[in-house]
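All values reported here derive from a predicted model rather than from experimental measurement. Protein chains get the first letters and strands the later ones, always in sequence-line order, with residue 1 at the start of each.
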Protein chains: 2
Amino acid sequence: MKKYTHLILVGVILILTALLAGVLIFLKSQPPQPRAFQPIVEVAPFEPDSAVWGENFPNQYSSMLLTAENRADTEYGGSSGFSHLERDPRQVILFAGYPFSWEYNDDRGHAYALADVEATARVTASTHATCYSCKSSNNPALWAEMGREGYDALLFSEIAPRMEYSIGCANCHEAGTMRLIVTNPSLETAFEAQGIDWRNFSRQEMRTVVCANCHVEYYMVGEDKILTFPWANGTRIDQIIAYYDEIGFADWTYPGTGTPMLKAQHPEFEFFTAGSTHYEAGVACADCHMPYVRDGAAKYSSHNIHSPLFDPMAACGQCHTDVDYVVERVNVIQDQVFAAKIAAEDALIDAITALSVAAADPRADPVLLEQARRLHRRAQFMWDFVSAENSMGFHNPEYALSILTEVTNLARQAQMLAAQATGNLDLLQTGVYYTIDPPPAPASPP
Amino acid sequence: MKKYTHLILVGVILILTALLAGVLIFLKSQPPQPRAFQPIVEVAPFEPDSAVWGENFPNQYSSMLLTAENRADTEYGGSSGFSHLERDPRQVILFAGYPFSWEYNDDRGHAYALADVEATARVTASTHATCYSCKSSNNPALWAEMGREGYDALLFSEIAPRMEYSIGCANCHEAGTMRLIVTNPSLETAFEAQGIDWRNFSRQEMRTVVCANCHVEYYMVGEDKILTFPWANGTRIDQIIAYYDEIGFADWTYPGTGTPMLKAQHPEFEFFTAGSTHYEAGVACADCHMPYVRDGAAKYSSHNIHSPLFDPMAACGQCHTDVDYVVERVNVIQDQVFAAKIAAEDALIDAITALSVAAADPRADPVLLEQARRLHRRAQFMWDFVSAENSMGFHNPEYALSILTEVTNLARQAQMLAAQATGNLDLLQTGVYYTIDPPPAPASPP
């Protein structure tokens with residue numbers, strides 16, 4: 001009896017071993033595991049035409065097309081492309097001598113990025129291709145072909161014939177895998193300068209990082225106008241200013257005051273990630289601007305990127321249950337930031353008015369004048385960092401208000417230094433731009 | 001057969017009707033429904049001794065006793081009773097000529113309210129009973145006995161023998177019903193002035209309103225020092241300043257500058273209810289400062305009132321799941337408000353320094369001097385509204401930062417007006433308090 005039992009057990013072991021070996025050999029002979037989605041068409045690397053990607057992802061594609069339909073405005077932003085200079089003529093003064101005083105229109109939807117950059121009065125005959133960097137899904141292929149340096153060295157007009165499509169799939173996705181990737185070589189370089197390899201980011205982190213392909217502060221280096229992010233010290237505003245000061249960079253010289261100025265671009269990424277409550281809670285840009293929506297049984301991330309205020313139920317409602325309440329919070333926060341921003345503009349204009357007169361005075365103390373210019377430069381860039389950021393402070397409310405507090409303080413100190421430099425007490429008056437000592441008229445488009 | 005059926009049915013109906021009538025008559029003859037809780041002892045109206053109330057509510061009472069045990073500090077507040085003047089000597093200058101420059105200690109727990117007011121150097125022989133208003137559970141009975149006017153007209157020393165207990169049950173609860181009530185007649189009057197009847201508030205609203213029995217901005221009217229809340233225009237800071245300006249009130253005259261000053265008290269109620277995110281979300285003071293806790297099977301609101309930062313799991317954890325995250329948010333917000341507050345203090349001291357020198361100059365332009373004083377008054381009260389409020393801005397972060405932005409702007413403008421009034425450009429220097437033009441030394445205790 002015992003002998004039979006042993007025999008049976010050994011037999012079973014042998015049969016199982018044989019079966020296991022057979023299964024393993026069978027698996028080994030199979031083709032690699034298929035992708036999670038079954039593509040209808042193969043998308044070539046850097047494919048610029050989003051319609052091709054759209055064959056595989058019709059919901060995402062068709063929602064992206066809707067960015068052309070958004071025309072409405074929110075209280076402080078929106079999609080109509082209104083003129084900031086008309087809404088707030090203080091900015092004509094603040095950008096005097098710089099193209100933003102000629103034309104400064106609000107951004108429209110991604111579908112209009114290409115058309116709008118080609119229509120802007122700020123582009124001149126000497127503008128470089130660099131200014132196309134955030135405007136077209138043709139770019140990733142062009143950067144692969146000619147590199148950041150080769151691309152930027154061209155003139156805007158020279159590369160124009162290669163621009164077919166506005167912003168699209170190729171600006172954020174890797175063809176084939178659909179992985180979210182850094183496509184702008186300048187972003188790659190900026191991360192490297194900080195010792196960061198973006199390939200280690202989680203998908204949720206990439207749902208913020210891909211926006212940094214464009215929604216960042218940048219400047220252009222050298223004659224070839226190489227697109228560069230000023231992040232070597234970090235992305236907080238003090239670190240960015242320290243960077244610009246260290247390299248002695250200026251975007252333009254303010255007419256009359258002689259201040260070496262800095263223009264802030266659209267630092268949404270730097271602003272949001274500087275310890276904002278939503279960022280610290282793990283929320284990504286895409287959570288609010290590309291919320292998950294349904295079409296029948298399909299759930300997908302809307303690619304109709306716009307202000308969450310146009311559909312707060314879809315955006316805020318992903319996490320917040322009382323959407324009316326949170327929209328009211330947004331309004332309160334934006335109203336507070338707007339009031340502080342306008343007060344800062346008034347203080348800056350008082351400083352500019354005083355400094356213009358002081359700089360024209362040959363007896364003015366050059367040391368005090370230089371101190372005043374340094375404060376003007378710093379204060380105006382800090383103001384612009386909040387003003388040019390597309391959320392009227394909402395992406396990081398306390399950060400916005402903290403910055404604006406310092407702007408007003410520095411601007412008033414610049415004004416005082418101008419008066420001290422000249423001994424001219426009239427320069428201490430406030431809110432008198434239009435009646436006394438007009439600063440130089442804004443330069444006109446060439 | 002049919003006849004019998006009818007008879008039986010009619011009989012049943014009659015019996016049921018009789019039973020119903022009997023039950024109703026029985027119920028009607030019963031005593032009124034007993035209270036929801038069965039008191040062990042009857043508590044007399046205005047009973048000052050919390051130990052008596054504690055017989056009925058041992059958990060609430062024993063947790064209240066714990067306010068005597070809290071000795072620790074948070075980053076910016078806490079329960080040790082530290083000296084604000086030692087931590088931040090700028091405040092010695094800012095309160096020069098006023099008792100807060102002699103002694104300004106942080107508040108300790110409710111258990112120490114009575115001992116601390118009796119120990120403070122700010123109480124002098126001429127101090128009125130008014131200063132006991134928020135310090136003792138004896139007060140509701142005393143107000144019932146002598147009225148607000150009779151109470152306040154007495155001297156501090158005259159009413160001292162009637163003070164037996166620190167803050168306790170009678171300060172917020174109605175004996176018998178345990179209803180939350182307004183006990184301070186000044187709060188009742190302040191609501192009336194706004195056309196508000198607090199008896200219409202919900203219990204959740206009262207969980208904030210009872211704190212306004214004390215945690216508010218106030219001033220004292222006339223020779224009898226009647227405790228009055230400056231709320232007739234509303235409770236926002238602009239409305240409070242407008243009120244004080246309309247009645248021409250000043251707490252003291254700043255030595256040297258001649259500014260008619262306002263001292264802010266502890267405007268937690270006004271600050272929190274001015275559209276803060278927590279208040280708008282329906283959160284009451286008690287939700288965070290008196291969170292629900294358990295003792296065995298009993299669930300009760302902790303009466304160990306202290307900073308939520310001492311036990312964020314109990315306080316924040318009532319609503320927030322990620323308590324580490326929200327504590328980190330509190331830290332970030334408070335650090336930002338603190339930095340803006342210190343910058344505002346520096347600007348105020350620069351303004352005071354300049355104005356002191358200008359006011360001493362007989363040739364100074366009196367109109368410009370007067371304008372400078374007006375800005376100094378307004379700016380310093382606004383700063384104090386944030387500084388004296390016990391949350392380093394957290395109760396309403398954007399409100400705090402918005403206010404401080406304006407403070408710095410107004411203080412710098414006051415400094416400029418002082419320079420204009422005298423033609424003395426030295427007054428435009430910043431941060432030079434200790435080296436140039438020292439303002440008058442702070443007054444000493446009498």
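Options B:Thr408, B:Val337, B:Asp322 differ in how many heavy-atom pairs under 4.5 Å they form with chain A, and the most are formed by B:Thr408. Heavy-atom pairs under 4.5 Å with chain B peak, among A:Gly423, A:Ala340, A:Ala343, at A:Gly423. The candidate from B:Leu401, B:Val332, B:Asp346, B:Val326 with the greatest count of non-hydrogen atom pairs under 4.5 Å with chain A is B:Leu401.
A salt bridge is defined here as a Lys NZ or Arg NE, NH1 or NH2 lying under 4.0 Å from an Asp or Glu carboxylate O, and B:Asp238 with B:Arg236 fails to meet this definition. Using a cutoff of 4.0 Å between basic side-chain nitrogens and carboxylate oxygens, A:Arg329 and A:Asp324 are not scored as salt-bridged. The pair B:Arg374-B:Asp245 does not count as a salt bridge, with every side-chain nitrogen at least 4.0 angstrom from each carboxylate oxygen.
Side-chain N/O atoms of A:Arg412 and A:Gln415 include a donor and acceptor closer than 3.5 Å. Using a 3.5 Å distance cut-off with no hydrogens or angles, the side chains of B:Gln420 and A:Asp426 do not pair a donor with an acceptor. Using modelled atom types, one finds a donor on one side chain and an acceptor on the other under 3.5 Å when comparing B:His395 with B:Glu389.
When heavy atoms are compared at a cutoff of 4.5 Å, B:Ala344 does not approach chain A at all. Looking at B:Thr277, both its backbone and its side chain come within 4.5 Å of chain A, counting heavy atoms on both sides. Residue B:Glu406 does not touch chain A at all, counting heavy-atom pairs closer than 4.5 Å. For B:Asn409, the parts sitting under 4.5 Å from any heavy atom of chain A are the backbone and the side chain alike.
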